[in-house]
Amino acid sequence: MGYAYDDQNIFARILRGEIPNKTVLETAHSLAFEDIRPQAPVHVLVIPKGKYVSYDDFARNASEAEIVDFVRTVGEVCRMTGVALDAGEGFRAIANSGGAGVQEVPHFHTHILGGRGLGRMLQPA
Ligand code: 5GP
């Protein structure tokens with residue numbers, strides 16, 4: 001069994017242009033856009049254009065060109081939003097995955113959060 005991809009997920013619809021988004025950066029293989037419910041002053045989602053469900057799906061099945069493009073896009077978003085460590089105060093990159101990871105949208109995405117102190121990574125269970 002593989003990673004079943006739902007073509008109707010909200011990020012698939014954003015990629016098809018069916019739903020508007022506030023684009024931060026678009027590249028050959030990736031799209032970065034503002035999260036609709038920002039949890040920090042900087043809250044950008046970076047997604048591959050390819051149909052990958054989760055981080056592990058992307059890491060195992062994406063092409064090297066897609067992976068390089070995605071990682072470079074994350075870096076560029078950090079620079080553009082002012083959170084990169086050469087000029088800014090830092091950030092958190094989060095990729096919630098699956099049920100235990102509480103992933104709401106089943107298209108791989110990384111949250112880039114910053115612009116304020118973010119506290120510890122996890123609250124005690
Ligand atoms: P997850 O819980 O899957 O890691 O995060 C999904 C994120 O997608 C949430 O932070 C949520 O606010 C965001 N989101 C859900 N629907 C939309 C939408 O239609 N547009 C945008 N820009 N973000 C969305």
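Only this structure's heavy atoms are used, side chains among them; waters, hydrogens and symmetry mates stay out. Counting starts at 1 for both ligands and their atoms, in listed order. The structure presented is a predicted model; accordingly, all values stated were derived computationally and were not measured.
Distances below 4.0 Å separate heavy atoms of Gln103 from the following atoms of ligand 1: 3 (O). Atoms of ligand 1 found under 4.0 Å from any heavy atom of Val102, numbered from 1 in the order shown, are 2 (O). Heavy-atom contacts of Ile14 reach the following atoms of ligand 1: 20 (N) (cutoff under 4.0 Å).
Between the Gln103 side chain and the His109 main chain, no donor and acceptor come within less than 3.5 Å of each other. Between the Lys49 side chain and the Glu66 main chain, no donor and acceptor come within less than 3.5 Å of each other. At least one donor-acceptor pair under 3.5 Å links the side chain of Asp57 to the backbone N or O of Val53. A distance-only check finds a donor-acceptor pair linking the side chain of His107 to the backbone of Pro48 [under 3.5 Å]. Not one N or O on the side chain of Glu18 forms a donor-acceptor pair closer than 3.5 Å with the backbone of Arg13.
Taking the six-membered ring for Trp and the full ring otherwise, the centers of Phe108 and Phe70 sit less than 6.0 Å from each other.
Nearest residue to atom 12 (O) of ligand 1 from Thr110, Asp35, Asn9 is Asp35 (criterion: closest heavy atom). Of the listed residues (Arg37, His109, Lys22), the one carrying the non-hydrogen atom nearest atom 1 (P) of ligand 1 is His109. Around atom 22 (N) of ligand 1, the closest heavy atom drawn from Glu34, Glu104, Arg13 belongs to Glu34.
Ligand 1 has an N or O atom lying under 3.5 Å from an N or O atom of Ile36, backbone or side chain. Any N or O atom pair closer than 3.5 Å counts here, and Ile10 shares no such pair with ligand 1.
Arg79 and Asp86 are not joined by a salt bridge, as no carboxylate oxygen comes within less than 4.0 angstrom of a charged side-chain nitrogen.
Within the 4.0 Å heavy-atom criterion, neither part of Phe108 lies near ligand 1.
Contact check for His111 versus Asn96: side-chain heavy atoms found under the 4.5 Å cut-off.
The closest approach between a heavy atom of Ile94 and any atom of ligand 1 is not below 4.0 Å. Judged by the shortest distance from any of its heavy atoms, His111 lies inside the 4.0 Å radius around the atoms of ligand 1.
For atom 8 (O) of ligand 1, the closest non-hydrogen atom on the protein side is Phe11 CZ, 3.4 Å.
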